[in-house]
Enquirer: 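Sharing a structure with you now.
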Amino acid sequence: MTESRQSYPPISDYAVISDCHCTALISRSGSVDWCCMSRIDDDSNFGRLLDWERGGFWSIAPAGEYTTSRRYKDNTLVLITDFETNQGKVRLYDFMAISDADGLANKLHARILEGLAGEVEIVYRLSARFAYGAVIPCVHRHAQKLYAAWGSNQGLIIYSEVGLQIVEDSDLEATVTVRAGERVHFSARSVPPERLSDAAFDPPESPQYLDKQLEQTLAWWKNWVSQIEPRSCDNKQTIRSALTLKALTFEQTGAVAAAATTSLPEWIGGERNWDYRYSWIRDSVFTVQALHELGFMREAERFSAFIERSAAGSAEQLQVLFGVDGKRRLREIELPWLDGYRGSQPVRIGNRASAQLQLDAYGELLELAWIRHCHGTEIDATHWRLLAGTVEIAIDRWEDPDFGIWEINTSPQHFVFSKALCWSAVNRGILLAQSYEIDVPLKRWKAARDAIKASIDEHGYDSKRGVFRQVFGSDYLDASLLLLPWFDFISYTDPRMVRTTDAICRELEKNGLLLRYNSPDGLKGPEGAFISCTFWLAMCLAKQDRKEEATRFYRSASACANDLGLFSEEFDAHSNVMLGNFPQGLTHISQIMAQLALGAPPD
């Protein structure tokens with residue numbers, strides 16, 4: 001590995017902050033190595049997570065040797081990093097400001113240093129790189145204590161309480177000594193570049209303003225988390241998972257991103273590098289279901305409205321994923337100038353799965369409607385047209401092969417999970433129509449539901465082994481089968497489901513964690529264990545009243561979190577490293593559902 005590739009911290013080194021519009025990842029050493037402002041799927045402003053030399057960063061850390069400790073301030077997304085040297089100790093607060101009761105974003109990342117003991121010499125370096133490292137911005141002094149960085153369609157207004165030196169017209173640097181009792185304030189705000197040339201543009205940044213933003217942001221997160229159901233309020237990991245899911249929401253539209261990053265590899269040096277900063281129907285429905293279970297009702301309503309808008313109220317115009325603003329065209333492209341995390345190429349933006357057929361999405365959308373119905377929400381006529389149209393499409397297309405929940409890189413296949421979710425779409429549609437006494441072709445819908453079930457029983461069930469298959473007629477297994485009872489396709493305690501659970505344990509378990517499947521997928525190289533699948537297994541075992549086994553797998557999966565309670569997508573138990581995009585919403589969702597199934601396992 002080259003020297004620059006050795007410089008990349010492990011993924012577990014990072015914390016996330018968010019204002020429910022954009023996110024930033026901050027390393028244990030106080031460096032912002034990934035940040036997309038002004039929204040989560042925007043081009044990066046700081047991106048050395050994907051190229052240590054070209055990507056850009058914003059670092060605040062002591063000169064010389066130091067030790068660190070970190071935590072979130074109570075149940076919030078305000079990050080505290082403590083630096084200790086031989087001369088003293090300082091605290092760094094990092095947060096994305098939220099100062100409005102409705103959660104509107106300031107597009108402001110504030111960083112406040114506070115002296116705790118002695119005195120510490122701090123080195124400040126800001127090296128913004130726009131358009132995923134392709135653009136080196138021009139930096140100039142905008143006003144007293146304010147600096148502007150601009151290039152392409154991106155701009156930042158940078159505030160510093162201490163004077164900064166402009167280096168090579170593109171970077172900002174300073175050295176400052178922080179003594180006990182002192183505070184030093186910094187910030188960066190996303191601003192359209194055309195505004196930066198306006199002499200009348202006068203941002204409000206000041207020490208008093210940033211201190212107030214800190215207080216208001218803390219209050220906003222505490223108010224949000226106070227809604228959590230009492231049964232989960234004592235489980236620290238569940239609270240942190242809920243906060244992380246909220247961090248991945250896009251407040252403006254109600255969309256939910258699958259993760260905060262793109263192209264963190266599922267195996268170091270491999271090609272399994274994807275952009276997850278978009279809103280999948282599947283992951284988002286799981287998210288709002290998990291939050292619903294914890295007492296957060298608003299997110300389900302807003303995501304339902306987002307999907308209805310994005311699809312223009314038409315089932316025919318549904319697709320698997322959308323941009324967080326509802327954008328449909330998410331063409332996948334590669335960024336060849338970026339080295340990739342630890343040399344893992346290619347780096348991709350966009351996601352070709354947006355054009356795939358994934359039949360399970362129909363079932364998940366109807367599941368969301370069913371959740372809302374069960375919690376007393378009325379479904380209006382416009383939304384019912386979308387749901388009824390989705391049922392009709394599931395009936396029309398269930399016999400087609402698709403790319404499945406894992407978005408395989410081979411030709412479409414007849415995945416059992418996809419067929420079962422078509423069954424679920426029709427089943428939930430029937431139940432909703434009956435509940436609301438809506439006139440639908442009930443006889444035809446019931447016949448279709450029975451036909452899907454019969455097909456799965458004939459082709460998707462291996463009668464010799466007594467287990468469900470991954471694909472019709474195959475001998476492969478798939479961890480997504482553990483979700484069949486979640487959608488009421490089969491009882492958790494049905495002997496066929498118990499045998500399938502046991503087979504998955506035997507054949508997909510590796511070092512206490514589950515792989516997704518054991519079939520070829522058209523991609524080169526290995527991947528890590530999929531943490532969500534292990535939580536699904538724990539949930540399934542708990543529902544089968546096998547609490548000891550469930551707790552063992554729950555603890556194995558929970559141990560994959562970093563010190564802040566954040567999960568990646570995958571994990572290599574052999575080398576003990578996180579893999580895949582981070583933080584990954586689906587993993588946090590699955591932790592919540594497993595914890596609820598178990599009751600209250602210890603943190």
Side-chain angles (χ1 to χ4, degrees), residues 40-41 248-250 253-259 262 272 274-289 303-333 348-369 386-387 389-398 400-425 428 478 480 483 487 516-517 521-523 530 532 569 580-581 584-586 589:
I40 194 169
D41 60 353
L248 295 173
T249 62
F250 188 60
T253 64
V256 185
T262 179
R272 300 169 184 265
W274 317 106
D275 192 349
Y276 280 2
R277 298 171 299 154
Y278 307 114
S279 187
W280 271 256
I281 291 177
R282 175 193 311 116
D283 297 50
S284 301
V285 169
F286 288 168
T287 297
V288 297
Q289 181 168 0
F303 179 71
S304 294
F306 166 74
I307 288 296
E308 187 175 307
R309 288 194 308 270
S310 300
S314 165
E316 289 78 12
Q317 298 186 83
L318 274 175
Q319 60 183 40
V320 176
L321 66 145
F322 296 93
V324 295
D325 61 348
K327 182 178 179 180
R328 300 179 63 84
R329 289 185 296 277
L330 303 173
R331 185 170 66 91
E332 184 175 291
I333 62 174
R348 298 179 173 97
I349 60 172
N351 198 298
R352 62 187 172 189
S354 61
Q356 287 184 348
L357 175 65
Q358 297 178 25
L359 295 171
D360 63 293
Y362 304 140
E364 284 132 8
L365 188 59
L366 267 293
E367 185 68 17
L368 176 59
L386 173 64
L387 297 175
T390 303
V391 172
E392 292 290 355
I393 290 178
I395 291 171
D396 289 343
R397 304 209 66 176
W398 74 267
D400 295 344
D402 77 327
F403 289 91
I405 184 174
W406 307 124
E407 301 170 352
I408 57 165
N409 206 45
T410 62
S411 58
Q413 300 180 51
H414 293 281
F415 288 98
V416 169
F417 183 74
S418 298
K419 310 296 186 190
L421 268 287
C422 286
W423 175 93
S424 180
R428 294 303 193 211
D478 192 311
S480 66
L483 296 176
F487 294 94
R516 291 188 289 178
Y517 43 73
D521 59 10
L523 293 168
F530 205 81
S532 292
E569 179 185 26
N581 284 306
Q584 176 77 10
L586 186 59
I589 297 160

Enquirer: Kindly give the heavy-atom pair with the smallest separation between G326 and F306, and that separation in Å.
Expert: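 Closest pair (atom of G326, atom of F306, distance): N-CE1, 3.5 Å.
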Enquirer: Can you name the salt bridge (Lys or Arg N to Asp or Glu O under 4.0 Å) partners of R352, sequence neighbours left out?
Expert: E332
Enquirer: Please tell me if the side chains of E367 and S424 come closer than 4.5 Å, counting only heavy atoms from C-beta onward.
Expert: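 Of all side-chain heavy-atom pairs linking S424 with E367, at least one is under 4.5 Å.
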Enquirer: So, do V285 and T287 sit near enough that their side-chain heavy atoms are less than 4.5 Å apart?
Expert: no
Enquirer: Quick one: does W274's side chain get under 4.5 Å of N351's, heavy atoms only?
Expert: yes
Enquirer: Hey, is the main chain of G323 close enough, under 3.5 Å, to the side chain of S279 for a donor-acceptor pair?
Expert: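 Judged by distance alone, no pair lies under 3.5 Å.
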Enquirer: Using only atom types and a distance under 3.5 Å, with no angle test, would you say the side chain of N581 pairs donor to acceptor with the backbone of A259?
Expert: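 Not confirmed, N581 side chain does not pair with A259 backbone.
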Enquirer: Do F403 and S411 come within less than 4.5 Å of each other through their side chains, counting heavy atoms only?
Expert: no
Enquirer: Mind listing the closest non-hydrogen atom pair of G404 and S418 along with its distance?
Expert: CA-OG, 3.7 Å
Enquirer: Going from OG on S354 to CZ on F322, what distance comes out if it is rounded to the nearest 0.5 angstrom?
Expert: 9.5 Å
Enquirer: What is the distance from atom CG of D41 to atom CG of D275, rounded to the nearest 0.5 Å?
Expert: 8.0 Å
Enquirer: Can you name the closest pair of heavy atoms from T262 and R277 and give their distance?
Expert: CB-NE, 3.9 Å
Enquirer: Quick check: do L248 and Q584 have side-chain heavy atoms less than 4.5 Å from each other?
Expert: no
Enquirer: Looking at SG of C422 and CZ of F417, how far apart are the two atoms once the value is rounded to the nearest 0.5 Å?
Expert: 10.5 Å
Enquirer: Got a second to check how far S284's OG is from I307's CD1, nearest 0.5 Å?
Expert: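 One gets 6.5 Å once the value is rounded to the nearest 0.5 Å.
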Enquirer: Tell me, do L321 and I281 make a side-chain contact under 4.5 Å, heavy atoms counted?
Expert: no
Enquirer: At what distance, to the nearest 0.5 angstrom, does CZ of F286 lie from CG of L586?
Expert: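 Answer for the CZ-CG pair, F286 versus L586, is 7.0 Å.
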Enquirer: I want to check something: taking the side chain as every heavy atom from C-beta on, are Q356 and Q358 in contact at a cut-off of under 4.5 Å?
Expert: yes
Enquirer: Hey, what do you get for CG (D402) to CZ (F415), rounding to the nearest 0.5 Å?
Expert: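 Spacing of CG (D402) from CZ (F415) equals 6.5 Å.
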Enquirer: Looking at D325 and K327, is any side-chain nitrogen of the basic one under 4.0 Å from a carboxylate oxygen of the acidic one?
Expert: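 Judged by the 4.0 Å cut-off on N to carboxylate O distance, K327 and D325 do not form a salt bridge.
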Enquirer: Quick one: do R282 and D360 make a salt bridge, cutoff under 4.0 Å?
Expert: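 Here R282 pairs with D360 in a salt bridge, since their nearest N and O are under 4.0 Å apart.
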Enquirer: Give every residue pair that meets the salt bridge (Lys or Arg N to Asp or Glu O under 4.0 Å) criterion with at least one member in residues 306-320, sequence neighbours excluded.
Expert: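 Listed by first then second residue: nothing to list.
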Enquirer: Would you call the rings of W280 and Y276 parallel, tilted or perpendicular, taking 30° and 60° as the class edges?
Expert: perpendicular
Enquirer: Answer yes or no: is there a donor N or O on one side and an acceptor on the other, between the side chain of K419 and the main chain of H414, under 3.5 Å?
Expert: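 Side chain of K419 to backbone of H414: no pair is present.
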Enquirer: Let's go through W406 and F530 carefully: what are the C-alpha distance in whole Å and the side-chain angles of both, what is the deciding distance for ring pair (Phe, Tyr, Trp, His ring centres under 6.0 Å) to 0.1 Å, and is it a yes or a no?
Expert: CA-CA 11 Å; W406 307 124; F530 205 81; 5.0 Å; yes
Enquirer: Counting C-beta onward and ignoring hydrogens, is there a side-chain heavy-atom pair between T390 and L365 closer than 4.5 Å?
Expert: yes
Enquirer: Keeping the roles fixed (side chain from Y278, backbone from V324), state whether a donor-acceptor pair exists under 3.5 Å.
Expert: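 Not confirmed, Y278 side chain does not pair with V324 backbone.
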